[in-house]
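Below is one structure, written out as structure tokens; the observations come after it.
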Amino acid sequence: TTQCKEHAVTKEIMGRRPSEEELITLRRMLILIMRIMLQPPLGADELRSILWYLENCKDPQQQRDVLAMALELLHNEPRIGTVLEGLGGELPFLTLARSEDERVRALAVRVMGYLVRSSMEAQMQRDVIYGCLTNQLKCFSMTAVTFDALFSVFLGVPGAQISQIDLDEAYKIR
């Protein structure tokens, strides 16, 4: 059901709220426009805008879309990790790891894993980041989605999932 917006005095219908399908289409168009605008080489201003959007966006679906785009950017242009370090590094993504939305948390974990692996930070700093992440994730149940994200970070393979491994074959004694 769509909600109509009426004029306070005339009661004339001025507009209506987009349907769920229209919102999905608008989100996809927004992400497409962002992808077109974010062509390499990306600078600090563009990345700062993405971080600001992620930190202030209240729609989990949009956060998931932008986090997935960030992962793709990090994979295609590793230099972005260095620029992100100057903009707060893993901290904005650590905040997103507290999201009520499990998929947002999992994508934030994957982005953080990418950043920590590509970072020049000392091992002690990495341990602090992993400790903070552990504390964030303790608030939620460990599900397959979260486990797969952590597994991917542990292996250093973007998109790795435990279900992709034949455990019987992996543990077979030869």
Leu107 side chain near Leu71 side chain, heavy-atom distance below 4.5 Å: yes
List the steps and the verdict of salt bridge (charged side-chain N to carboxylate O under 4.0 Å, His left out) for Arg27 and Asp59. CA-CA 10 Å; Arg27 276 189 205 114; Asp59 182 351; 2.8 Å; yes
Leu54 versus Ile50: any side-chain heavy-atom pair under 4.5 Å? yes
Please report the interatomic distance CG(Leu26) to CD1(Ile33), rounded to the nearest 0.5 Å. 9.5 Å
CG (Leu73) and CD (Glu46) are apart, to the nearest 0.5 Å, by 10.5 Å
Return the CD to CD1 distance between Gln62 and Ile31, rounded to the nearest 0.5 Å. 7.0 Å
Could you go step by step and tell me if Arg64 and Asp101 meet the side-chain contact (heavy atoms from CB on, under 4.5 Å) rule? CA-CA 9 Å; Arg64 290 190 298 257; Asp101 187 273; 2.6 Å; yes
What verdict does the side-chain contact (heavy atoms from CB on, under 4.5 Å) test give for Arg105 and Val145, after you've listed the backbone C-alpha separation in whole Å, the side-chain angles of each residue and the deciding distance to 0.1 Å? CA-CA 9 Å; Arg105 285 194 310 271; Val145 172; over 6 Å; no
Value rounded to 0.5 Å, distance of CG in Leu30 from CZ in Arg28: 13.0 Å
Kindly determine whether Val66 and Met69 satisfy side-chain contact (heavy atoms from CB on, under 4.5 Å), including the steps that lead there. CA-CA 5 Å; Val66 175; Met69 183 180 65; 4.3 Å; yes
With a 4.5 Å cut-off on side-chain heavy atoms, are Leu51 and Phe93 touching? yes
Which atoms form the tightest heavy-atom contact between Ala97 and Ala108, and what is the distance? N-CB, 4.0 Å
Close side-chain approach of Leu23 and Gln61, heavy atoms under 4.5 Å: no
Kindly indicate, with the supporting measurements, whether the criterion side-chain contact (heavy atoms from CB on, under 4.5 Å) is fulfilled by Val111 and Leu67. CA-CA 8 Å; Val111 170; Leu67 282 165; 4.2 Å; yes
How long is the span from the NE2 atom in His75 to the CZ atom in Arg110, to the nearest 0.5 Å? 13.0 Å
Report yes if the side chains of Gln63 and Tyr53 come closer than 4.5 Å at any heavy-atom pair, otherwise no. no
Of all heavy-atom pairs between Phe140 and Arg98, which one has the smallest distance, and what is that distance? CZ-O, 3.4 Å
Taking the side chain as every heavy atom from C-beta outward, state whether Thr95 and Glu55 have any atom pair closer than 4.5 Å. no
What's the separation between atom CG in Asp65 and atom CD1 in Ile24, rounded to the nearest 0.5 Å? 10.0 Å
